[in-house]
Amino acid sequence: MEPIIIEGTPKTPTVKFDASEGVFEIKGRSIPENSVEFYKPLVDWLDRYKESPLEKTVVDIRLEYFNTSSSKCILDIFKRLENIHKAKNEVQINWYYEEDDEDMLEAGEDYESIIRVPFKMIEIA
Amino acid sequence: MVIFVPLKGYFLNRSLMGFNVDTYIKQHVKDGVILDVRGNIDSDVINKILDTIEDRMISSDELPKLRKKVYNVLVESLQNLYHHVDEVPEDFYDQEAERFGVVVIQKLERGYRIVTGNFVHVEHLPKLEERLQRINKSTFEEIKELYKFILNHQRISDKGGGGLGLVDIAKKTGRKLNYTFEKYNDEYCFFYMNIVIDDSEEGQKW
């Protein structure tokens, strides 16, 4: 299936969802006023990907900032990944946070407590 | 130094029916104002404010931890204005401002103060007050749980906020929400929020 590759802007993240290369990444800033508009194509893409996913899907989330309206959309992405995981496929979410950024670590832990997918918290210096 | 971001609107320094933003600002923000914006809060204005404050914090060598907290809380405050502001009253001088808001930022000894203000129609007042009171009645631990609950159970509204903005501000600052409603006329109030972000231990002041 066609990959999604979106260049980041000061308010929206860089996105790479490429099943052929096994790369799933959201990084940068996610603070748009209308986050649903930005995230809907990603959620739709994952719905299609669910039909024939890779044996193992690893998703890297490296966000510097995200606003509360993005936080719900990110949860939607994770819920799609949870469905893939439920269908007996291996899924892992790598949640990156900068050293000392307790808010970002806590946000990752909040998701981890809601979503039944293995999370790995990775501190970056 | 005071940075005035150029806006279509102009400064609200005259009294209209006893209503005067300056009175509130002068009472609550003394020295160290680094940004003062009064006018239409659209996407471009939000970007300018965020860039101005981020540059300022980098050039002041603020610690990344404080810088991120301030930036995050500022994003939520500005987007609260953007999403929830009501139309201006009919007799208000700036009829061109679709989303009239006030944003004043002050440098404090150990952090920053963000003051925002916007019109709220009395019809929307009970719901807003209920949200504010619910947050302020909670313990800090309950706030963290409330955040997760809203995140997981409430749908995103058309306005995009989903009711998380205020909870997030309380959670990130570790302080109860400090707010005031000032009557404008029988139909409108002006809603001020006075947010302090500093590097004292989270939750200590809750």
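In what follows, chains are A, B, ... by sequence order, proteins preceding strands, each numbered from 1. Heavy-atom basis, side chains included; hydrogens, waters and symmetry copies ignored.
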K.L.:
Please name the residue in the list B:Arg67, B:Lys69, B:Lys68 that meets the salt bridge (Lys or Arg N to Asp or Glu O under 4.0 Å) test with A:Asp103.
P.N.:
B:Lys69
K.L.:
How many angstroms lie between atom CG of A:Asp101 and atom CG of B:Asn72, to the nearest 0.5 angstrom?
P.N.:
7.5 Å
K.L.:
Contact part of B:Leu50 toward chain A, heavy-atom cut-off under 4.5 Å: side chain, backbone, both or neither?
P.N.:
side chain
K.L.:
Can you name the closest pair of heavy atoms from B:Lys65 and A:Asp100 and give their distance?
P.N.:
CG-O, 3.7 Å
K.L.:
Taking A:Glu33 for its side chain and B:Tyr82 for its backbone only, find out whether a donor-acceptor pair lies under 3.5 Å.
P.N.:
no
K.L.:
Are B:Asn152 and A:Lys72 close enough that a side-chain donor and a side-chain acceptor fall under 3.5 Å?
P.N.:
no
K.L.:
So that I can tick it off, tell me whether B:Glu54 and A:Arg29 are bridged by a salt bridge, with the cut-off set at under 4.0 angstrom between side-chain N and carboxylate O.
P.N.:
yes
K.L.:
Count the heavy atoms belonging to other residues, nucleotides or ligands that lie under 6.0 Å from NZ of B:Lys107, then report whether that count exceeds 12.
P.N.:
yes
K.L.:
What heavy-atom pair brings B:Leu164 and A:Ser71 nearest, and what distance separates the two atoms?
P.N.:
CD1-OG, 3.5 Å
K.L.:
Is there a side-chain contact between B:Pro64 and A:Glu99 in this structure, where contact means two heavy atoms from C-beta onward sitting under 4.5 Å apart?
P.N.:
no
K.L.:
For atom CD of B:Gln133, is the number of surrounding heavy atoms from other residues, nucleotides or ligands below 6.0 Å larger than 12?
P.N.:
yes
K.L.:
Heavy-atom count around B:Glu98 CD within 6.0 Å, excluding the residue itself: above 12?
P.N.:
no
K.L.:
Just checking B:Glu87: does its CD atom have more than 12 heavy atoms from other residues, nucleotides or ligands closer to it than 6.0 angstrom?
P.N.:
no
K.L.:
Going through the distances and angles, do B:Gln79 and A:Ser69 end up as a side chain to side chain donor-acceptor pair (under 3.5 Å)?
P.N.:
CA-CA 9 Å; B:Gln79 293 185 348; A:Ser69 92; 5.2 Å; no
K.L.:
Should we count CD of B:Glu142 as having more than 12 external heavy atoms under 6.0 Å?
P.N.:
yes
K.L.:
Please report the interatomic distance CD1(A:Ile31) to CD1(B:Ile46), rounded to the nearest 0.5 Å.
P.N.:
9.5 Å
K.L.:
Testing the basics here: between A:Tyr111 and B:Leu151, what is the closest heavy-atom pair and its distance to 0.1 Å?
P.N.:
CE2-CD2, 3.9 Å
